[in-house]
Amino acid sequence: MKNTITIKKNFEVKYLLAKGKWTRGKYLTIYLKKSEKLQGINRICFIVSKKAGNSVFRNRIRRLLRQAYSDLESKIKKGYNILIMWKSKETTKNIKCDVVYDDMQKIFKEREMLL
RNA sequence: AUAGUAAGUCAGAUAGUCGCAUGUGUAAACAUGAGGAAAGUCCGGGCACCAUAGGGCAGGAUGCUGGAUAACGUCCAGUGAAGGUGACUUUAAGGAAAGUGCAACAGAAAAUAACCGCAUUGUGUAUACAGUGUAAGGAUGAAAAAGUGAGGUAAGAGCUCACUAAGUAGUAUGGUAACAUAUUACUUGUGUAAACCCCAUUCGGUGCAACACCAGAAAUUAAAUAUAAAGUGGCCCGCUUAUUUUAAGGUAGGUGGCUUGAGCUAUAUAGUAAUAUAUAGCCUAGAUAAAUGACUAUCAAAUACAGAACCCGGCUUAUAGAUUUGCUAAUAUA
């Protein structure tokens with residue numbers, strides 16, 4: 001993730017949730033907001049709610065999302081604020097990385113984010 | 001072999017490709033990177049700050065004996081009691097003869113016991129009525145005023161005696177002690193202290209969002225109130241001090257603390273053990289929106305519970321699968 005910065009502040013996340021345009025897939029919901037200040041860089045944030053499961057499960061999901069995004073990074077347009085949220089009620093513990101990757105790619109395709 | 005009982009151990013491995021955090025390095029690169037409970041936050045300690053910290057009362061905690069420890073409500077070894085054929089297990093185990101309270105239902109009565117019964121006195125022709133003595137017998141209950149036999153008596157009764165049971169005090173022996181055994185004297189007091197209470201020991205508060213430093217912010221304006229009052233974990237003493245209330249305005253960061261420690265491993269010595277001491281070797285996560293991941297191949301399968309957040313010692317709860325050792329049996333077979 002060479003051209004990406006993580007979003008750290010709480011008020012920035014709240015701003016994205018309020019103003020960003022969202023698209024829903026099978027597992028994920030992705031919020032996007034274009035920003036002219038960012039040139040050749042994306043800012044990203046991963047969210048897994050506490051209702052999803054215990055801390056081990058949440059950590060694993062966050063890592064899968066990070067992995068999937070880093071695989072996709074080179075194919076995506078730059079200059080966006082991105083917020084990826086885990087919305088599924090799945091509790092099966094062996095979710096594979098491919099599933100998350102496919103879902104994310106599908107959503108980015110709908111929003112014409114792919115280069 | 002089966003059934004049981006006690007104590008444990010492991011918690012995926014190997015190879016390859018890509019990626020993250022920390023350290024070393026000019027760089028390339030190399031090294032290291034979650035648990036047995038990291039969890040619950042129930043105890044104890046280190047460390048930091050605070051006269052809200054000092055003294056007293058109140059309140060909390062603990063409660064057989066000896067030992068271990070920095071400390072503990074923890075651990076080890078024992079004593080008593082209860083359970084089990086046994087290996088073994090459990091134990092909230094000070095005081096009820098300092099005082100107060102409570103004991104549902106049933107029962108005459110739940111602690112200064114007379115309902116029935118037994119004996120006797122008075123009245124009466126008599127069944128009966130009234131009184132007195134009596135805890136041997138009856139029914140109730142979780143619990144009923146020590147048990148058996150003999151004497152004794154109007155009837156009875158530890159009223160007396162013998163044996164037995166329990167308790168208190170003393171003596172002797174063994175044990176560091178809890179206690180055990182024997183014996184002498186006295187007594188026969190229901191249970192409950194997970195009711196109040198008494199006795200002994202012990203306890204200040206807040207937690208790394210502590211705290212220190214840098215940058216920044218604030219220390220401004222207006223109004224009101226009290227002048228000896230205001231603050232002080234529940235109260236008193238002591239202690240501290242010029243502030244207190246309302247409105248407007250205003251607060252987004254970083255560095256340290258942070259991992260060399262009551263540390264880990266091996267050996268020896270002391271001890272039944274918990275543990276202690278000595279010698280040698282080792283450095284083994286330190287993130288801050290938060291690293292420890294993804295994919296492929298092989299092993300029969302890779303699956304349980306679960307993610308470090310200042311650090312240690314315990315306790316409690318969760319846990320797939322694999323596996324080791326000691327011991328027991330009124331079981332079964334040879």
Side-chain angles (χ1 to χ4, degrees):
Chain A
M1 301 205 297
K2 288 171 186 174
N3 298 317
T4 306
I5 302 174
T6 51
I7 297 171
K8 299 191 177 183
K9 298 299 169 195
N10 195 22
F11 66 92
E12 290 177 325
V13 173
K14 279 179 182 171
Y15 175 82
L16 264 179
L17 284 171
K19 301 278 182 179
K21 293 188 175 178
W22 54 271
T23 310
R24 191 155 193 185
K26 193 181 175 187
Y27 297 104
L28 306 174
T29 307
I30 296 183
Y31 290 71
L32 288 171
K33 176 78 177 171
K34 192 165 187 179
S35 170
E36 293 179 356
K37 289 181 185 176
L38 303 169
Q39 295 191 344
I41 291 177
N42 280 334
R43 299 170 77 211
I44 194 159
C45 177
F46 305 104
I47 294 184
V48 186
S49 80
K50 254 189 168 179
K51 290 177 185 174
N54 61 11
S55 55
V56 175
F57 182 77
R58 294 201 303 272
N59 252 331
R60 183 176 161 76
I61 293 294
R62 192 168 53 74
R63 281 168 187 153
L64 286 174
L65 293 176
R66 182 193 286 273
Q67 182 69 29
Y69 177 79
S70 63
D71 290 350
L72 269 170
E73 195 194 14
S74 56
K75 303 177 185 173
I76 292 178
K77 293 180 183 175
K78 301 296 186 293
Y80 285 86
N81 288 315
I82 306 171
L83 187 147
I84 301 175
M85 189 185 276
W86 178 263
K87 271 283 185 181
S88 171
K89 291 179 181 176
E90 283 272 325
T91 52
T92 51
K93 291 183 179 176
N94 296 311
I95 296 167
K96 289 278 180 183
C97 192
D98 299 346
V99 177
V100 179
Y101 182 87
D102 291 344
D103 199 38
M104 199 182 286
Q105 195 178 27
K106 198 177 166 188
I107 293 169
F108 280 131
K109 204 170 187 178
E110 273 183 37
R111 300 297 298 277
E112 299 174 351
M113 285 284 290
L114 298 177
L115 291 169

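Numbered from 1 within each chain, the chains take letters A, B, ... in sequence-line order.
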Please give, in whole Å, the distance from [N] [atom2] to [X] [atom1]?
X	N	atom1	atom2	answer
A:Asn59	B:rA289	CG	C1'	12 Å
A:Arg66	B:rC18	CZ	P	19 Å
A:Ile61	B:rA306	CD1	P	16 Å
A:Arg60	B:rC20	CZ	C1'	16 Å
A:Ile44	B:rA289	CD1	P	17 Å
A:Phe57	B:rG293	CZ	P	16 Å
A:Tyr69	B:rG293	OH	C1'	18 Å
A:Leu65	B:rG293	CG	P	16 Å

Can you check the distance between [N] and [M], where both ends of the measurement are the [atom1] atom (answer in whole Å)?
N	M	atom1	answer
B:rA1	B:rU323	P	14 Å
B:rA71	B:rA61	C1'	15 Å
B:rG238	B:rC57	C1'	15 Å
B:rC315	B:rC310	P	24 Å
B:rU188	B:rA194	C1'	30 Å
B:rA177	B:rC161	P	39 Å
B:rA229	B:rG253	P	46 Å
B:rA114	B:rU132	C1'	12 Å

Measuring from atom [atom1] of [X] to atom [atom2] of [Y], what distance do you get when rounded to the nearest 0.5 angstrom?
X	Y	atom1	atom2	answer
A:Thr29	A:Asp103	OG1	CG	9.0 Å
A:Asp102	A:Lys109	CG	NZ	11.0 Å
A:Ile84	A:Leu65	CD1	CG	6.5 Å

Is the base of [N] syn or anti, if syn means a glycosidic angle within 90° of 0?
N	value
B:rG158	syn
B:rU284	syn
B:rG249	anti
B:rU259	syn
B:rA34	syn

(message) B:rA294, OP1 or OP2 - any side-chain N/O from A:Arg63 closer than 4.0 Å?
(response)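 Checking B:rA294 against A:Arg63, no side-chain N or O comes under 4.0 Å of OP1 or OP2.
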(message) Please confirm whether the shortest side-chain N or O distance from A:Arg62 to OP1 or OP2 of B:rA291 is below 4.0 Å.
(response)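 Yes, such a contact exists.
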(request) Among the candidates B:rA291, B:rA294, B:rU292, find the nucleotide nearest to the side-chain atoms of A:Gln67. (result)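 It is B:rA294.
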For [N], the Watson-Crick or wobble partner whose two distances fall under 3.5 Å:
N	value
B:rA302	none
B:rG44	B:rC312
B:rU123	B:rA128
B:rU232	B:rG238
B:rU17	B:rA294
B:rA108	none
B:rA266	B:rU279
B:rG167	B:rC186

(message) Give me the atom names and distance for the closest heavy-atom approach of A:Tyr31 to A:Met85.
(response)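 Smallest heavy-atom distance, with atoms named: CE1-CE, 4.5 Å.
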(request) Over all heavy atoms of both residues, which pair between A:Ile107 and A:Arg24 is shortest? Give the atoms and the distance, please. (result)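 For A:Ile107 and A:Arg24, the tightest heavy-atom pair comes out as CD1-C, 4.5 Å.
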(request) Can you sort out the partners of A:Arg63 under side-chain contact (heavy atoms from CB on, under 4.5 Å), two or more places apart, ordered by chain and number? (result)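 Counting only residues at least two positions away or on another chain, A:Arg63 forms a side-chain contact (heavy atoms from CB on, under 4.5 Å) with A:Asn59.
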(request) Just jot down the side-chain hydrogen bond (donor to acceptor under 3.5 Å, both in side chains) partners of A:Tyr101, sequence neighbours excluded, or say none. (result)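 A:Tyr101: side-chain hydrogen bond (donor to acceptor under 3.5 Å, both in side chains) contacts with A:Lys75.
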